[in-house]
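One structure below.
Note on naming: letters A, B, ... go to the chains in the order of the sequence lines (proteins, then strands), and numbering restarts at 1 for each one.
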Amino acid sequence: MTAYIVRRMLYALPILLGVNALTFVLFFVVNSPDDMARMHLGNKRVTAEAVQAWKQEHGYEKPLLINHSAQGADMLTDTILYEKSLRLFLFDFGQSDSGRDISHDISQRMWPSLAIAVPTLLVGLAVNITFALLLAFFRASYLDFWGVVLCVAMMSISSLFYIIGGQFLVGKLLNLVPISGYDTGLHAWKFMVLPVVVGIVGSIGSGTRWYRTLFLEEIHRDYVRSARAKGLSEHWVLFRHVLRNALIPILTGVVVVLPLLFIGSLLTESFFGIPGLGSYTIDAINRQDFAIVRAMVFLGAVLYIIGLLLTDISYTMVDPRVRLD
Amino acid sequence: MAFQPVILWTDALIYLLLGLAAAMVWYTRRHEHLAAPWQRVARSRTGQAAMVVLLFYVVVGVLDTLHFNPKSGVDDQGEPIYSTEVLSLFDHIAGSLRTQREKTYSAPFATHLFSKENIEQPDGSMLRDYPRLIYGGAHLQLGDDSKLQDIALKALSGALKGGAVWLMLLIVICRANRDRLARLLGGRLRNPWHVGAWTAFGLALLLGALWELSAFYHVLGTDKVGEGVFFQSLKSIRTGLVIGTLTTLVMLPAAILLGIMAGYFRGWVDDVIQYLYTTLNSIPGVLLIAAAVLMMQIYMSNHEDDFNSVTERADLRLLFLCLILGVTSWTSLCRLLRGEALKLKELEYVQAARAFGVGNFRILLRHVLPNVMHIVLITIVLDFSGLVLAEAVLSYINIGVDPATNSWGNMINGARLELAREPVVWWSLLAAFVFMFTLVLAANLFSDVVRDAFDPRLRQQR
Amino acid sequence: MRGSRILHAISWLGMAFLAGCEGQAWNDPYRAGASAGPVFFSSFSERPKHLDPARSYSSNEWAFISQVYEPPLQYHFLARPYALVPQTAARLPEIRHYGHDGSLLSADAPAADVAYTDYILRIRPGIRYQPHPALALRDDGNPAYWPLVPEMLDRVNRLSDFPLTGTRELTAADYLYQIKRLAYSPNHSPIASLMAEHIRGFADFAEYAKAAHDALRDNGEPGQWLDLRSIDMAGLEEIDRYAFRIRIERKYPQFIFWLAMNFFSPMPWEAERFYSQPGLDDKNINLNWYPIGTGPFMLTENNPNLRMVLERNPNFHGELYPTEGPEQDRREGLLDDAGKPMPFIERAVYALEKEAIPRWNKFLQGYYDNSGIGSDSFDQAVQFGSAGEASLTDAMREKGIQLSTAVETSVFYAGFNMLDPVVGGDSERARLLRQAIAIAVDFEEFISIFRNGRGESAQSPLPPGIFGHRDGEQGVNPVTHVWRNGSARRRDISDARRLLEQAGYPEGRDPKTGGPLILYYDTPAAGPDSKAMLQWYRKQLEKLGIELVIRATDYNRFQDKMLKGTSQIFSWGWNADYPDPENFFFLLYGPNGKVESKGENAANFKNAEFDRLFLTMKDLPNGSERQKIIDRMVEILRQESPWMFGFFPKAFSLHHAWFQNSKPHLMANNTLKYKRVDGAARASAQEAWNRPVLWPLGALAVVLIVSILPAIRGFIARERSRAL
């Protein structure tokens, strides 16, 4: 087991290298450091010296790949590639282009993201499984048919509509919860209600449909037939056998997204003004703060790879038939 | 000639796509085993209804793809001069829909602007009131109360015309055979064609009424600069379709080739390809798209001379967006195909072909590729609706299509601010919602039907 | 079933919570009791980038730091036209002009005779800084947090984690230290290059300090603090503990306005030494995020991701509310607080609010005390009377909301790139073309569509309130407008067509191609709103038969294009730094050309007579002679038309009845101290306006129950049928 995990982690290294190389190309070929400097200095009274000074301060004045003016190993290390990209492997994200420490910001902003994402995932899971079980129970009836149609209809609505509609209805017309914002600690709960509810409602369509498919697949297995032949009642069959066996794909589907919960949801967070990592990323994109975007891309990739690893491990825990070797 | 044809990049790709589709239809019709799943699709009632709706969207989209420069005058030698403005056949058909612009917002079927303005009276004094629209309801007399009646009459006559067109089409299809027509509409054919026909009937009534009304009113109101929302929504259809289809088209060759190669050859080829898609997959898609869109903008401003009109620039941005979305979405298909190719490789007839010394390339082409096509097809239809929805989200982050392009995403994005107005300007959002919802719902229903028809495993379970 | 049980539990929990906060509206975004006292609530939409007074140059940052830092001068809160009054200074600076031989000249000496000018400032004694750890002393008199022990560093995450604070008296040296900071290149002060032209010895100092900085860095001690006190600047002199002198090259009458800007606030050197210690920067504890000043407020919570909190500075030297003001202000109650000690507010809470819709809605719910008006909520709030005067709608008036308006001291214009071969240059053809376009682009319509009438069509580059601006018939731009029925009317489009024909483009046809003339409009705009605006620009030129091609790029590329001079038509705005015509005309002064010298003259306009007049005008005191020159300059601009003058934006802002002393001031940012909030009135209004509407929840529950019953029946029936 340990050997397997170590092997998987080693396998992750070249992938991260690839991610890093790709982002490097995108971010430094796309916008030259001059552009960034001008962007960040603002548009009043910007001189060439100020641009140069900014680049120097943020370490963008160095050559991209190879520094011909330096000696020995410095030829490779005194470059933007080394300073700005390879440092990420040490989780040293450095300073954002506006001068704030990125690691510090990330460590602060991941909590609001989690506060929204975890309840959305858990409650959403419960709701979706409930509905899916209901549809599976009434399969091949009108309830099932219209349920599926309803799911498809809900899937066909853009997530933006759920957010806009939710804010309009609950926050503005009904005065039930604050329209947007956030607070620290336990006071956060009233800001969480609306984003979580909107997130759940938005996921009902696709979630329910997907779990229904999983359950139906199990229902048609032989062991279910034999269980039913033994005279077990239908809901007992569903709970005892179908749900338990369908848990494996459900669990693995959930585990792979777990680490990504840290990153939060881009849309929800910016609409509701939640100071999480999702809105952090969006802001960075809008302000063209490449240092942050780079850091988030890297973090996202790392978390994704962790998710894959967790999935593999969880497989063995749920299903003893699967062996890791 | 009264016009000069223009072929934009996305146009060319759409023509290519249509050509491919036509070729596939032709090929499928000649092969019984390929046609069978489509027969199953035709046998589904949902499939029929969805297909008709999709067909309507496709027709609008294709009409909007035929671009040209209209003639704007004649020079000294009598040679025609063409405007640099790029119009489409759809613009031409829409005619007054496109040109009848008001000053700013007006509600659906309104005769006055949505906000008060200072109007100068003939005697020079100023009056603060809702100004009369230039086009909307212009045929009505001032102070006339007959607006509702007028709308009802026009809608009725339009619906009648629509119904007549529908009937004529059916007569043509049935080759003027009354018995065949009766069987079709009565649902007495082997396939439920009557569902499709009646859906088309409903659609024809609706469109006829809307079309008739839109000559006199802004049926879905006007936006901030007074452009008709109905026209915008129709124009957005092409953008939605392009994103939904071209994205898949551009990523298909890479996904198919790499996918089956990885599964078939195994070894280092497999390793490299797996590495490639795992790496791409692990970058959050939105970030990759954002970075790439920025890159394209820079390319465009460095090569300004290549694009001399707004349309071309917007078109290239659209194409590029498709490419980027393709790059982020080919990995899942690739993985599926790899798995399938792994299985196929072990099958007896492939092993036999290898034993006979048939070349690898030939085996891939003749034996592997045809047997994974159903997966490709299912992926295409499944991805379509997701891509249409993605466009709206990307527009929100300002990395979507060009702001000059008509798209539902841009409409929704603009509508965010309109919702805060009081009274609320709801029609842009509603129009975008209805048009997008209809398309995505139809596509989702259709894709369900297609998947059921093509995936034998699922079929057995039903 | 499990899911619904969980849901049930959650809603039950929610109810319990709600019952716990009785008396507070459900949708109150603040903690219980937070809004009862004299607390001010507002929002900010973009997180500030720099709170360092040497660096900060945008109004959203100044909204915070102007409450904290105190430059020697400030603007009078009520007086119009804008007037400077002392802030920490004992009186306005003494200005002395000296000739080339070093002799003292009279105040009205011609600029050519003046070699240098001295500004002598005396500050009031006894002013103390806010409590701050950088000034904290141990019992033995040594600084408590310098050098910082590592154990302390580990325990600190925010500035408030330092247990000890201290203060000290403000001295003249602190002002001089800050001026040196402006010159020190690692601080990236945006006005460094401008000040280098004016303050004696500034450039030399900058060079020397830079060398010292580099030497320090190369010695392997990056981030090491360089004590700027050890380096002298020729133009600065500390006369005594409370007085200092700044020596300006030649004559620069506008310098006095800079003394009211945050760039010239005092900075205690201890603060810089404190912040430069290693490890603090990694926790975002630096001068950019934690200001230190003598002003009425201090920044106590700095979380740009969530909210910023200003709290009353206990060491504030005290200031009295102005006792004089225009008669109208007295009638409106703006002088009710005359002579009372300020500030009136204990705390000011600014919440991050990026989206316009929630911000507006929260304002209407009473959770923000003031608000601007977005274009889209405009009709809801404001209506125009028959004479075009703005007033609030009934819905707003019912809530007691009040409106204040002011024409901003800024100009929004569309410029032609004068280096462009088609629209630019000195030829008659190009001039006529520019004039024709200037008529065709109907900014009155622009104002009414995109700004809901919140603007005034510009007839010259000078906004109202700036010396040299002319109102009424005298102020009409004869090229684009005519005076009719008591107001300026845009010329008919036929006039523009005639000009265009004279220019050699009949009906907008380009004789070279035979097709319509194609022009290019460059813009960095990409938002949803800009699409409509771009369409509008195209429509304007369509009236002349000219085809306008929109080249929309991102902001970087747009900047790049402007610098290279490859644009053709563009729009831009300028917000005045200080109320003087020089600050507008320099945007068209030839040597400031964007391409030539990376200056602010984006149109690259160059006209010998204009440039000559500009040099004379800028050194003259306000008076009839200056007005005459300005009139001539405006005339040149109208004829040459390098700009379509566009409009002067009008600021409309709303505030609730409990928020008092709100008079818009477009130059001053330190106005929070004048404001007064009635917390009790706000609390009762909030409660009245935010009664939760519960019946939809009840209805939902009923629908659920009703639909569950048949479901249970179906469940049982199905169970049976399966069992059989």
To the nearest 0.5 Å, how far apart are CG in C:L694 and CG in A:N175?
10.0 Å
dist C:L352:CG -> A:D283:CG (nearest 0.5 Å) comes out at 7.5 Å
Over all atoms of both residues, closest heavy-atom pair of [X] and [Y]:
X: A:K190; Y: C:D28; answer: NZ-O, 2.6 Å
X: C:P692; Y: A:L176; answer: CB-CD2, 3.9 Å
X: C:P696; Y: A:L174; answer: CG-CD2, 3.6 Å
X: C:L306; Y: A:P275; answer: CD1-CG, 3.7 Å

Please check if the side chain of A:D101 supplies one atom and the backbone of C:N284 the other of a donor-acceptor pair under 3.5 Å.
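It does not hold such a pair.
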All side chain to side chain contact (heavy atoms under 4.5 Å, CB included) counterparts of C:M195, not counting sequence neighbours:
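Partners of C:M195 by the side chain to side chain contact (heavy atoms under 4.5 Å, CB included) criterion, ordered by chain and then number, come out as C:I191, C:I199, C:F202, C:F255, C:W258, C:F264.
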Region of C:P358 in contact with chain A, defined by heavy-atom distances below 4.5 Å:
both
Does any backbone or side-chain atom of C:Y367 lie under 4.5 Å from a heavy atom of chain A? Answer side chain, backbone, both or neither.
neither
Less than 4.5 Å to any heavy atom of chain C: does that hold for the side chain of [X], its backbone, both, or neither?
X: A:S103; answer: neither
X: A:F191; answer: side chain
X: A:F272; answer: neither

Heavy atoms of other groups near [X] [atom1], more than 12 under 6.0 Å:
X: C:E596; atom1: CD; result: yes
X: A:F131; atom1: CZ; result: no
X: C:W689; atom1: CH2; result: yes

Any pair with a residue in residues 688-699 of chain C that passes salt bridge (Lys or Arg N to Asp or Glu O under 4.0 Å), sequence neighbours left out, goes on the list, sorted by first then second residue, please.
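Qualifying pairs, neighbours excluded: none.
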Relative to chain C, which of A:V177, A:L169, A:L194, A:L122 shows the most heavy atom pairs under 4.5 Å?
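The answer is A:V177.
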Do C:K362 and A:S180 have side-chain heavy atoms sitting under 4.5 Å apart?
yes
I'd like to check A:Q108 versus C:N157 (side-chain heavy atoms, cut-off strictly below 4.5 Å). Are they in contact?
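Contact flag for A:Q108/C:N157 side chains = no.
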